[in-house]
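The block underneath contains the structure these notes are about, expressed in structure tokens.
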Amino acid sequence: MPRTKLTPAMEQYMRFKRQYHDAILFFRMGDFYEMFFDDAKEAAQLLGLTLTSRNHGKTAGEVPLAGVPHHAMEGYLAKLIQRGRKVAICEQVEDPKQAKGVVKRDVVQVVSPGTALADSMLDQQRNNFLLALCRQTDKIGLASVDLSTGDFTLNELPAHRLEDELTSLTPAELLIAEDAEESWVAELKRILPGVALSRADDWQFERDGAYELLLEQLKVQSLKGFGCDDMDVAIRAGGAAISYLRDNQRGAVEHINRVTRRHSDDFALIDAAAQRNLELLANQQDGGKTNSLLEILDQSRTPMGARLLRRWVVSPLKEPAAIDQRLDAVQELVEHRDIRRKLREQLRQVGDLERLIARICCQRANG
């Protein structure tokens, strides 16, 4: 961007842009969100907007400009998120009529593929995971968080099993340390081509700071009660994930109040090749859900059930007691048709409570 004399409003824009350099900045000006310079050029191409220009300073010359109406912002935002981009939303935080000088503004939310909350940006039938990864020699720590439901899981596994885990989780966004080796970054992009990849400062992956942050977030004195106290590498990933979400949501992530330890030994391992060949989640013709095992099994009446079934399909149980318990529940419903019919009718009326609660906690709910 040119280093020239700008108007006060553009100086304000540049200050926020330097802070959120990896995001497209939606800068509220009256009834529009404006984008300038390279953001305007990229948004015009991705969203089909008209690229114009405006003079914003004595020596700045014509500045590239593109804008979207504030009432239609969510639709444009969804398109950018679907293309793997991150968007920082900068609002006017005072009444322009009362402003002395330039209107006060602040970034109220940063939206990325792994932090989306609006229904228009999410698939109801699958989780929308942000997956933080921490690598320590031959061990990988993983923290998967679905901001839209509050699901939070920690896991550790050998480096050679990472591809299978990534294929099962299909995260919307990966979070790694700033100093991650480029060869490893290339490997992640090979496994998940097109996935949104974000970086966090290295200190956010430090063990002590991450542990304290998790205690604060979960409002506990120790992680022993969650069975995660000994997972040093996963804890580092978990702290980085929570820090990232807090920054993006301005701290409004109170619904993430529990964490689950994923015990890999509790589930049968279905590697990436087997998942493709068995067509568990997608067919081999076009990668869609049609004719996959999931499509055949999925008679869910709620989005929560659909997401749970998807997780069950790629993570079959190994523990006999857990298998028997699940089969007992199935048998009960099979043998009592009236109960099953009434339950299905009632469930049909239930909305997506998980995501509604998450939007309320993140202060993103509406009528």
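In this structure a side-chain-to-backbone donor-acceptor pair under 3.5 Å is present from Glu156 to Val233. No side-chain donor-acceptor contact under 3.5 Å links Lys342 to the backbone of Arg337. Between the side chain of Asp146 and the backbone N or O of Gly150 there is no donor-acceptor pair closer than 3.5 Å. In this structure, the side chain of His255 does not engage the main chain of Ser148 through any donor-acceptor pair within 3.5 Å. Side chain of Asn277 to main chain of Ala273: a donor-acceptor pair is present (N/O by atom type, distance under 3.5 Å, no hydrogens or angles). Between the side chain of Glu173 and the backbone N or O of Ser198 there is no donor-acceptor pair closer than 3.5 Å. Between the side chain of Arg301 and the backbone N or O of Gln299, at least one donor-acceptor pair lies under 3.5 Å. Between the Arg359 side chain and the Ala365 main chain, no donor and acceptor come within less than 3.5 Å of each other. A donor-acceptor pair under 3.5 Å is absent between the side-chain atoms of Asp106 and the main chain of Val108, judged by distance alone. Side chain of Asp232 to main chain of Ile235: no donor-acceptor pair is present (N/O by atom type, distance under 3.5 Å, no hydrogens or angles).
With sequence neighbours excluded, no residue satisfies side-chain hydrogen bond (donor to acceptor under 3.5 Å, both in side chains) with Gln285. Here Tyr244 pairs with nothing under the ring pair (Phe, Tyr, Trp, His ring centres under 6.0 Å) rule; sequence neighbours left out. Contacts of Arg258 classified as side-chain hydrogen bond (donor to acceptor under 3.5 Å, both in side chains), with partners at least two apart in sequence or in another chain: none. Residues passing the ring pair (Phe, Tyr, Trp, His ring centres under 6.0 Å) test with Phe129: none are found, sequence neighbours excluded. Considering only residues two or more places apart in sequence or on other chains, Glu216 meets the salt bridge (Lys or Arg N to Asp or Glu O under 4.0 Å) condition with Arg246. Every residue meeting the salt bridge (Lys or Arg N to Asp or Glu O under 4.0 Å) condition with Arg190, not counting sequence neighbours, appears here in chain and number order: Glu163, Glu187. Under the rule for a ring pair (Phe, Tyr, Trp, His ring centres under 6.0 Å), the partners of Phe27 that lie at least two apart in sequence or sit in another chain are Tyr13. The salt bridge (Lys or Arg N to Asp or Glu O under 4.0 Å) test applied to Asp201 returns no partner, not counting sequence neighbours. Under the salt bridge (Lys or Arg N to Asp or Glu O under 4.0 Å) criterion, Glu91 pairs with Arg28, sequence neighbours left out.
For the atom pair OG (Ser292) and CG (Leu280), the distance works out to 8.5 Å, reported to the nearest 0.5 Å. Between Glu279 atom CD and Gln284 atom CD the span is 5.0 Å, to the nearest 0.5 Å. In this structure, CG on Leu293 lies 12.5 Å from CG on Asn283, to the nearest 0.5 angstrom. For the atom pair Asp298 CG and Lys289 NZ, the distance stands at 4.0 Å (nearest 0.5 Å). In this structure, the separation between CD1 on Ile323 and CG on Asp328 is 12.0 Å, given to the nearest 0.5 Å. One finds the OG atom of Ser243 at 10.5 Å from the CG atom of Leu214 (value rounded to the nearest 0.5 Å).
Within 6.0 Å of atom CD in Gln325, 12 or fewer heavy atoms from other residues, nucleotides or ligands are found, so the atom counts as exposed in its surroundings. Other residues, nucleotides and ligands contribute only 12 or fewer heavy atoms inside 6.0 Å of the CD atom of Gln45.
Annotation: side chain of Arg344 is not in contact with side chain of Leu347 (no heavy-atom distance under 4.5 Å). A 4.5 Å side-chain heavy-atom check between Leu215 and Gln221 finds every atom pair outside the cut-off. Inter-residue side-chain proximity for Val314 and Thr167 is flagged as unmet; no heavy-atom pair is nearer than 4.5 Å. The shortest distance between side-chain heavy atoms of Leu117 and Gln249 falls below 4.5 Å. Side-chain contact check for Phe32 versus Pro69: some heavy-atom pair is nearer than 4.5 Å. Annotation: side chain of Asp151 is not in contact with side chain of Thr153 (no heavy-atom distance under 4.5 Å). Ile176 has its side chain within reach of Arg199: a pair of non-hydrogen atoms, C-beta onward, lies under 4.5 Å apart. In this structure the side chain of Tyr33 never reaches within 4.5 angstrom of the side chain of Val87, judged on heavy atoms.
Nearest heavy-atom pair across Val220 and Phe226 is CG1-CE1, 3.9 Å. Between Gln204 and Asp247 the shortest heavy-atom distance is NE2-OD2, 4.0 Å. Between Leu147 and Cys362 the shortest heavy-atom distance is CD1-SG, 4.0 Å. Closest non-hydrogen pair, Val313 versus Ile270, comes out as O-CD1, 4.1 Å. Summarising the geometry of Ala241 relative to Val145, their closest heavy-atom pair is CB-CG2, 4.0 Å, with the distance given to 0.1 Å. The heavy-atom pair separating Ala88 from Val107 by the smallest distance is CB-CG1, 4.2 Å.
Evaluation of the salt bridge (charged side-chain N to carboxylate O under 4.0 Å, His left out) test over residues 69-87, restricted to residues two or more places apart or in two chains, returns Asp22-Lys86, Glu42-Arg85. For residues 305-316, the side-chain hydrogen bond (donor to acceptor under 3.5 Å, both in side chains) pairs, not counting sequence neighbours, are Asn127-Arg311, Arg262-Ser315, Arg307-Asp352, Arg307-Glu354. Under the side-chain hydrogen bond (donor to acceptor under 3.5 Å, both in side chains) criterion, the residue pairs touching residues 128-138 are Gln136-Arg236, with sequence neighbours excluded.
Arg364 and Gln109 share a side-chain donor-acceptor pair at under 3.5 Å. Under 3.5 Å, the side chains of Ser168 and Gln275 contain a donor-acceptor pair of N or O atoms.
Residues Leu192 and Leu197 share a hydrophobic cluster, clusters being chains of Ile/Leu/Val/Met/Phe/Trp/Tyr side chains in contact below 4.5 Å. No continuous path of ILVMFWY side-chain contacts below 4.5 Å connects Met304 to Leu308, so the two sit in separate hydrophobic clusters. Leu133 and Leu130 fall into different hydrophobic clusters, where Ile, Leu, Val, Met, Phe, Trp and Tyr side chains are chained together by heavy-atom contacts under 4.5 Å. Both Val185 and Val195 belong to a common hydrophobic cluster when Ile, Leu, Val, Met, Phe, Trp and Tyr are linked at side-chain heavy-atom distances under 4.5 angstrom. Two different hydrophobic clusters hold Met121 and Leu131 under the rule that ILVMFWY side chains link at heavy-atom gaps under 4.5 Å.
Ion pair Lys219/Glu254 flagged as a salt bridge, since at least one NZ, NE, NH1 or NH2 atom sits closer than 4.0 Å to an Asp/Glu carboxylate oxygen. Ion pairing between Arg261 and Asp230 holds under the 4.0 Å rule for side-chain N and carboxylate O. With respect to the salt-bridge test (charged N to carboxylate O, under 4.0 angstrom), the residues Arg15 and Glu11 do not qualify.
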Test side chain to side chain donor-acceptor pair (under 3.5 Å) applied to Tyr211 and Asp229, step by step:
CA-CA 9 Å; Tyr211 190 89; Asp229 203 64; 2.4 Å; yes
